[in-house]
Amino acid sequence: MTTEGVPASETGAGDSLTLTLRLEGFEGPLDLLLHLIKREEIDIWNIPIAQITEQYLQYLQVMKDLNINLAGEWLVMAATLIYIKSRMLLPPDPAGAAQEELVEDPRTELVYQLLEHQKFKNAAQMLYTRQEVENAVWNNPPREVMEEAREVVAVTLFGLLRAFHEIVKRFEERPVLQVDQEEISIEEKIADIRRLLLVRDTILFSSFFTEAPAKQHLIATFLAILELVRLREIWLYQKANFQEIHISKGKPSGETA
Amino acid sequence: MDINELQPILEAIIYVAEDPVNPEQLKEIFPDESYETIETALRKLMDEFNSRPGGMVIREIAGGVRMTTRPEYHEHVRAYLKTKPGARLSMAALETLAVIAYRQPVTLAEILAIRGKKSSTALKTLLEKKLVAIVGRKHVVGRPILYGTSREFLVHFGLKDLSELPTLEEFAELAGEQH
Amino acid sequence: MDINELQPILEAIIYVAEDPVNPEQLKEIFPDESYETIETALRKLMDEFNSRPGGMVIREIAGGVRMTTRPEYHEHVRAYLKTKPGARLSMAALETLAVIAYRQPVTLAEILAIRGKKSSTALKTLLEKKLVAIVGRKHVVGRPILYGTSREFLVHFGLKDLSELPTLEEFAELAGEQH
């Protein structure tokens with residue numbers, strides 16, 4: 001088994017073009033680990049965890065040097081590797097080992113995860129090949145017979161949700177009639193809140209106070225919220241102490257349709 | 001290229017073409033073939049394709065050739081086109097349905113306020129398709145009709161009940177948006 | 001109706017159909033024919049149509065049959081249509097799709113666990129392309145949405161049904177053995 005480290009061209013930031021190209025291939029930590037295991041021709045059932053951890057951390061360092069934004073899962077994997085490495089270094093506790101039927105190899109879970117990941121990568125490759133074949137064929141019904149079907153969309157649940165999302169976006173982008181910046185009344189604020197609650201179930205209390213231009217607005221908004229609570233059109237709640245206050249439509253009884 | 005090799009390729013091209021295919025266009029794709037070869041292959045293709053007892057024919061139209069169904073099967077083809085499965089909705093109907101699904105019970109005036117567009121035609125379609133139903137009247141002046149989604153709506157979208165509708169938060173999660 | 005009479009009509013219908021045509025739809029058009037007659041005619045049509053040296057084939061896809069050009073003529077067809085190869089799915093989308101195809105119904109959290117990375121963007125792409133659909137909610141805390149592959153998935157990858165996919169175990173070759 002080779003114990004050599006990462007070749008110089010892959011550790012230093014000197015050959016950054018090759019590095020960038022190489023790193024782009026690794027979508028996630030499992031991809032990088034599989035690459036390292038393949039390259040070093042390692043037996044997946046007996047991963048030299050210290051060596052792999054070191055190489056993994058070197059890659060992470062290179063990515064940091066190249067200002068590549070690392071998603072959380074890369075750091076989680078680093079922590080996992082370090083944990084496994086430390087467990088491997090500990091001499092087995094004779095007392096504990098006696099109690100358990102079999103001391104599990106700390107690497108096992110990771111190995112199964114890698115094997116599973118490899119399977120799905122291969123399955124994705126199969127889909128890619130099939131897609132290539134399908135990209136090479138055409139199905140072309142004559143246009144005139146399809147006229148009845150023009151300008152219509154087939155609807156999925158996701159399509160329905162996306163349509164609603166678009167409406168809400170459009171709704172919120174609509175300009176609100178501002179009569180006079182200086183004289184903002186409680187009635188107008190009440191109308192604003194009602195308007196927002198047409199498309200939303202809840203609004204963050206704080207969202208009213210981030211963009212308000214003047215003190216009068218803050219006061220008017222605050223009084224409007226109090227008025228709507230009194231009218232039982234809205235209610236206020238927190239998910240926990242010191243958390244954001246939510247403004248919600250309707251009664252707190254939480255009835256469902 | 002051999003004429004027998006050329007022939008099925010011409011057939012495939014005529015099949016995918018939306019307009020009649022003329023020899024000039026084919027010459028562009030096969031610059032090494034003479035017009036004569038192309039026209040011979042076309043002629044042979046038409047002879048053979050049209051003499052088989054199939055559902056389509058290749059006809060000469062507007063200086064080119066085009067594939068169509070045989071006119072005698074017109075009735076059955078039309079009948080098939082009418083059986084097309086799945087409820088299909090216009091964008092206006094889909095939007096109106098989305099508003100009703102997510103804001104029910106809701107009045108026509110409220111739908112207008114949210115969509116910013118007249119929605120009565122779309123609403124009528126949805127009522128006809130039974131995706132939407134009248135669920136009551138609102139206790140305000142004029143007592144406007146309240147609309148909600150129907151049982152068919154649940155069936156169409158494979159939902160057990162309305163609480164299974166995906167939420168805007170779940171959409172935001174997919175879209176990676178901050179809310 | 002005689003099978004030889006039925007056959008060209010089926011061919012015409014399959015030719016005009018935008019989506020794979022299934023026996024149920026054909027039964028609606030030919031209520032007097034038995035399923036057996038329809039399926040025998042379909043089988044005979046496919047045998048004969050696909051054995052001629054033509055530009056198109058009839059294939060079994062998503063529980064029905066569909067006419068497409070033969071893949072070997074793609075270069076010339078593309079030259080005629082002047083189109084570039086269609087947008088391919090990214091590797092991330094294909095991997096996410098593989099997880100959904102083999103583990104369906106599956107939640108976003110489960111996909112994350114298997115892939116070891118965030119998959120929401122890929123999932124959104126797949127939902128938008130209708131390759132994946134919302135199929136319900138899981139009966140656990142939070143009631144997360146369950147995803148599965150759609151009929152469009154079968155069409156996109158030219159599959160008759162899900163059982164045509166090789167089993168996941170067939171992809172179990174160890175890392176490093178082959179690439």
Side-chain angles (χ1 to χ4, degrees), chain A residues 25-31 33-45 71-74 76-77 80 111 113-142 144-146 149 154 156-162, chain C residues 15-19 57 59 66-75 77-78 81 85-86 88-89 91-99 101-103 112-118 124 127-128 130 132-135 150 155-159 165-166 168-177 179:
Chain A
F26 305 128
E27 281 201 57
L30 292 173
D31 300 299
L33 284 180
L34 281 172
H35 167 76
L36 293 175
I37 288 166
K38 270 183 205 167
R39 196 193 58 188
E40 304 293 317
E41 292 176 1
I42 284 168
D43 172 10
I44 194 154
W45 296 105
E73 57 256 24
W74 289 94
V76 171
M77 180 57 77
T80 306
V111 169
Q113 211 184 350
L114 285 168
L115 287 172
E116 192 74 353
H117 187 66
Q118 182 63 44
K119 276 190 228 167
F120 283 110
K121 278 173 80 79
N122 293 344
Q125 198 59 47
M126 175 274 298
L127 289 178
Y128 177 81
T129 311
R130 290 203 78 106
Q131 180 177 242
E132 287 297 286
V133 173
E134 292 310 310
N135 263 338
V137 306
W138 282 262
N139 163 261
N140 204 37
E144 57 265 41
V145 300
M146 285 164 53
T156 61
L157 200 48
F158 179 74
L160 186 75
L161 172 60
R162 194 175 53 178
Chain C
Y15 164 70
V16 300
E18 205 179 339
D19 298 309
V57 279
R59 300 158 61 199
R66 166 178 238 196
M67 191 180 293
T68 69
T69 54
R70 282 189 194 270
E72 54 264 46
Y73 303 138
H74 73 104
E75 258 174 71
V77 172
R78 191 162 278 140
L81 292 172
R88 292 179 177 89
L89 292 168
M91 221 47 214
L94 285 170
E95 269 186 42
T96 306
L97 190 54
V99 171
Y102 283 98
R103 286 284 177 265
L112 167 73
I114 293 171
R115 291 191 65 220
K117 59 200 153 207
K118 281 240 172 75
K124 188 167 173 250
L127 283 162
E128 265 164 9
K130 294 189 180 147
V132 160
I134 295 169
V135 296
S150 64
V155 174
H156 188 89
F157 292 97
L159 293 161
L165 283 175
L168 200 52
E169 296 320 309
E170 289 171 54
F171 296 117
E173 103 228 10
L174 284 188
E177 273 185 12
H179 206 67

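Chain identifiers are assigned alphabetically (A, B, ...) following the order of the sequence lines, protein sequences preceding nucleic acid strands; residue numbering begins at 1 within each chain.
- Side-chain contact between C:R88 and A:Y128 is present, with heavy atoms from C-beta onward closer than 4.5 Å.
- Residues C:K117 and A:M77 fail the side-chain proximity criterion, which asks for heavy atoms closer than 4.5 Å.
- Nearest heavy atom pair, residue C:A98 against residue A:A123, reads CB-CB, 3.9 Å.
- Residues A:E73 and C:R115 are not paired through a salt bridge, judged by the lack of any N-O separation under 4.0 Å between the basic side chain and the carboxylate.
- Neither the backbone nor the side chain of C:E75 comes within contact range of chain A; no heavy atom of the residue lies under 4.5 Å from a heavy atom of that chain.
- Defined by atom type and a distance below 3.5 Å, a donor-acceptor pair is missing between the side-chain atoms of C:H156 and A:E134.
- For the pair C:H74/A:W138, a side-chain contact is recorded, criterion being any heavy-atom separation below 4.5 Å from C-beta on.
- Between the CG atom in C:L94 and the CZ atom in A:F120 there is a gap of 14.0 Å [rounded to 0.5 Å].
- Atom NZ in C:K130 sits 10.5 Å away from atom CZ in A:F158 (nearest 0.5 Å).
- Taking a cutoff of 4.0 Å between a charged side-chain nitrogen and a carboxylate oxygen, A:K119 and C:E169 qualify as a salt bridge.
- Interface remark: C:V155 contributes backbone atoms only to the contact with chain A (heavy atom separation under 4.5 Å).
- Counting heavy atoms from C-beta outward, C:M91 and A:K121 have side chains that stay 4.5 Å or more apart.
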- request: Quick one: do A:V137 and C:R59 satisfy side-chain contact (heavy atoms from CB on, under 4.5 Å)? Show the steps, please.
  value: CA-CA 11 Å; A:V137 306; C:R59 300 158 61 199; 3.8 Å; yes
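- Side-chain contact between A:R130 and C:L159: present, with at least one pair of heavy atoms (C-beta onward) separated by less than 4.5 Å.
- In this structure, C:L89 CG and A:L127 CG are separated by 9.0 Å, a value rounded to the nearest 0.5 Å.
- A:N139 contributes no side-chain N or O that, together with a main-chain N or O of C:T68, makes up a donor-acceptor pair within less than 3.5 Å.
- Only the side chain of A:Q113 comes within contact range of chain C, judged by heavy atoms closer than 4.5 Å.
- Proximity to chain C (any heavy atom under 4.5 Å) is restricted, for A:E132, to the side chain, taken from C-beta onward.
- In this structure the side chain of C:F157 never reaches within 4.5 angstrom of the side chain of A:V133, judged on heavy atoms.
- In terms of heavy-atom pairs under 4.5 angstrom with chain A, the leader among C:A101, C:A133, C:A92, C:A93 is C:A92.
- Only the side chain of C:R103 has a heavy atom closer than 4.5 Å to any heavy atom of chain A.
- Side-chain contact between C:E95 and A:D31 is present, with heavy atoms from C-beta onward closer than 4.5 Å.
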